[in-house]
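FYI, side chains are in, hydrogens and waters are out, and symmetry mates aren't considered; it's all heavy atoms of this structure. Please read all numbers here as calculations on a predicted model, not as lab measurements. Here, residue 1 is the first one in the sequence, and each next residue gets the next number.
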Amino acid sequence: MNLEEIKMNTAFDSLTHKMQRAALGKTVDLVLSHAEKDPAKTVGQIVDLSKQFYGDSFSEDTYAHAKQTLTDPNSKWSKLINCMLNQLDPNVARTTALNLGYEAFFRGTKTIRENRVKYQCNIPWLILFDPTSACNMHCVGCWAGEYGHKNNLSFDDMDKIVTEGKELGVYLYMLTGGEPLVRKADILKLAEKHNDVQFAIYTNSTLIDEPFCKEVVRLGNIAFMLSIEGTPETNDARRGEGHYAAVMRAMDLLKEHGILFGTSICYTRDNIEAVTSDEFMRFLCDKGAHFGFYFHYMPVGNEAAPELMPSPEQRKYMIQRIRYLRSEACDIPFYPMDFQNDGEFVGGCIAGGRNYFHINSAGDAEPCVFIHYSNANIHDSSILEILQSPLFMAYHNGQPFNKNHLRPCPMLENPELLEKMVHETGAHSTDLQSPESVDHLCDKCKSYAANWQPTADEIWSHTKIRESRYENYKDWKPNQQ
């Protein structure tokens with residue numbers, strides 16, 4: 001195939017893409033127009049639309065069960081979806097459906113699968129990056145508050161990340177920090193230029209205001225994950241006096257404007273019950289948050305506080321509690337996801353580009369937001385070159401790091417493996433303030449890993465995996481779903 005033929009095929013594919021998106025947009029508009037009058041019909045149409053696009057990626061039984069559950073007005077999932085549909089601004093709902101449902105899940109997933117085979121490396125489904133190291137807070141045990149204000153990704157850096165990511169099939173980008181909203185203007189500019197991708201911003205909430213919300217509604221492709229840790233007392237004890245009140249103001253603004261948002265909660269030895277109680281969950285729903293991520297406290301950085309790590313008993317409680325909150329036995333319309341304990345649903349560790357990776361504010365590409373070591377930098381490497389760098393390939397070749405997916409992490413539960421990978425690949429510390437050796441980091445995890453193993457193995461011995469999960473994408477074949 002010559003250059004002109006390649007150009008013609010690319011142009012044709014682009015035209016087909018635009019036509020498909022436009023057609024789907026009209027269908028989404030029609031479906032959403034019924035949301036208020038007939039929510040059950042709307043949800044049923046969403047399932048039918050999904051079947052039209054995803055086809056035999058899922059079984060007929062799966063579609064039938066989804067439609068039966070989601071059209072039942074008394075089911076938890078029906079209530080959850082209706083809460084979100086009733087709350088969201090129409091442009092936010094439409095743009096999110098197109099960017100997540102069509103671009104990321106449908107087109108993006110196909111492209112990613114093809115590129116995993118083509119390039120023989122991990123290709124992620126989402127990319128995290130830090131627009132800035134600056135943060136206006138200093139939360140106990142958080143490395144970001146110690147980094148200072150010296151590092152920023154330029155707009156061109158961020159544009160490069162998204163542009164090259166889209167070429168590989170990545171249509172979901174999460175912004176962390178530092179506090180990303182220190183860079184409001186550039187974030188809005190980025191979301192406008194790449195209005196076909198979905199952005200999710202992890203934020204401490206303090207910089208969300210009325211003018212910013214109006215721009216977010218206009219663009220439609222930005223969601224938020226708000227940091228909150230339970231009651232005013234448990235929250236402000238770690239994040240500082242006045243933070244809880246700031247989150248409340250932000251939630252009210254986001255709900256008022258119909259903007260999609262959830263929560264980002266770090267659970268520690270001190271707050272684990274406060275951030276998982278029925279009262280707290282119902283409170284979040286009332287405020288307008290209906291989904292959220294839970295993150296196990298990680299002892300990252302020389303100034304970390306290892307004493308904040310949950311005990312084995314607390315972690316077992318967390319596993320049981322999150323599964324209850326997601327079950328039909330619980331009527332609270334909130335969907336929690338547990339980054340550390342949901343490995344069984346994603347085949348173990350998802351870092352190193354298997355499903356995601358992280359770029360810090362200095363441009364260093366890290367396999368995980370908690371693993372601050374690197375061989376590559378966005379300033380002198382492409383996204384593909386980053387994914388083929390030594391440390392990332394060590395992840396690609398080594399995953400899963402444990403067949404017990406309640407022990408998925410090469411740092412927290414298998415620290416000897418992270419030590420080995422960093423030493424063998426020559427990766428350097430990317431800590432922006434106080435570089436930490438991998439031996440120092442992993443030494444803080446060894447007793448935790450040993451203490452957690454018996455409990456994790458006991459729970460896992462009774463765990464029934466309902467379907468096959470790809471634990472390493474090098475095992476995937478092009479004809480598989």
Side-chain angles (χ1 to χ4, degrees), residues 1 6 9-10 13-14 16-17 53-58 99-129 160-174 194 196-198 339 342-359 365-369 371 374-376 378 381-403 405 408-410 417 421 425 427 465 467-481:
M1 183 180 292
I6 292 173
N9 283 344
T10 301
D13 289 343
S14 177
T16 303
H17 173 204
F53 273 88
Y54 299 124
D56 59 5
S57 293
F58 303 98
N99 291 357
L100 276 183
Y102 174 62
E103 303 289 2
F105 279 105
F106 179 64
R107 285 189 69 255
T109 297
K110 284 187 172 182
T111 305
I112 286 167
R113 286 174 172 171
E114 291 168 358
N115 283 327
R116 285 172 181 155
V117 176
K118 179 178 180 180
Y119 296 115
Q120 292 298 295
C121 65
N122 282 331
I123 304 291
W125 195 70
L126 69 93
I127 297 174
L128 277 76
F129 63 88
K160 174 186 176 180
I161 292 168
V162 178
T163 299
E164 293 185 357
K166 285 162 66 174
E167 291 171 357
L168 293 172
V170 185
Y171 280 81
L172 174 59
Y173 296 82
M174 293 184 172
H194 297 282
D196 57 345
V197 310
Q198 187 69 25
F339 186 77
D342 279 345
E344 67 182 274
F345 306 109
V346 291
C349 172
I350 64 172
R354 181 173 170 268
N355 286 108
Y356 97 106
F357 74 97
H358 176 244
I359 298 172
E366 304 165 336
C368 175
V369 70
I371 307 293
S374 179
N375 294 120
I378 193 64
S381 299
S382 68
I383 295 293
L384 181 57
E385 288 169 338
I386 285 168
L387 294 166
Q388 294 174 330
S389 67
L391 184 57
F392 278 69
M393 288 306 295
Y395 267 73
H396 172 263
N397 295 329
Q399 290 164 326
F401 297 113
N402 199 306
K403 286 293 187 179
H405 293 325
C409 179
L417 297 182
M421 288 192 293
T425 61
I465 306 299
E467 59 183 274
S468 175
R469 298 285 172 180
Y470 293 104
E471 299 173 330
N472 189 307
Y473 290 122
K474 67 176 181 284
D475 299 329
W476 185 83
K477 301 296 187 294
N479 63 338
Q480 292 175 310
Q481 297 296 333

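Using a distance-only test at 3.5 Å, with no hydrogens or angles considered, a donor-acceptor pair links the side chain of Thr109 to the main chain of Ala104. Without hydrogens or angle criteria, Gln399 side chain to Ala351 main chain gives a donor-acceptor distance under 3.5 Å. At least one donor-acceptor pair closer than 3.5 Å links the side chain of Arg116 to the backbone N or O of Ile123. Side-chain atoms of Thr163 never come within 3.5 Å of backbone atoms of Lys160 as a donor-acceptor pair (strictly under, hydrogens ignored). No side-chain donor-acceptor contact under 3.5 Å links Glu103 to the backbone of Tyr171.
For an aromatic pair to be called close, the ring centres must be under 6.0 Å apart, and Tyr395 with Phe401 satisfies this.
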>> Evaluate Tyr356 against Leu128 for side chain to side chain contact (heavy atoms under 4.5 Å, CB included), listing each step before the verdict.
In response: CA-CA 7 Å; Tyr356 97 106; Leu128 277 76; 3.2 Å; yes
> Stepwise, does the side chain to side chain contact (heavy atoms under 4.5 Å, CB included) test hold for Leu391 with Met421?
Replying inline: CA-CA 7 Å; Leu391 184 57; Met421 288 192 293; 4.1 Å; yes
> Step by step, would you call Leu387 with Phe357 a side chain to side chain contact (heavy atoms under 4.5 Å, CB included)?
Replying inline: CA-CA 9 Å; Leu387 294 166; Phe357 74 97; 4.0 Å; yes
>> Walk me through whether Ser381 and Asn375 qualify under side chain to side chain contact (heavy atoms under 4.5 Å, CB included).
In response: CA-CA 10 Å; Ser381 299; Asn375 294 120; over 6 Å; no
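When all heavy atoms of Gln198 and Asn99 are compared, the pair lying nearest together is OE1-CB, 3.8 Å. Smallest separation of non-hydrogen atoms from Pro400 and Gly347: CB-O, 4.2 Å.
The aromatic rings of His17 and Tyr102 lie tilted to each other, with the angle between the two planes from 30° to 60°.
Annotation: side chain of Thr425 is not in contact with side chain of Phe392 (no heavy-atom distance under 4.5 Å). Residues Asn122 and His396 have side chains in contact (heavy-atom distance under 4.5 Å, counting atoms from C-beta outward).
With sequence neighbours excluded, no residue satisfies ring pair (Phe, Tyr, Trp, His ring centres under 6.0 Å) with Phe129.
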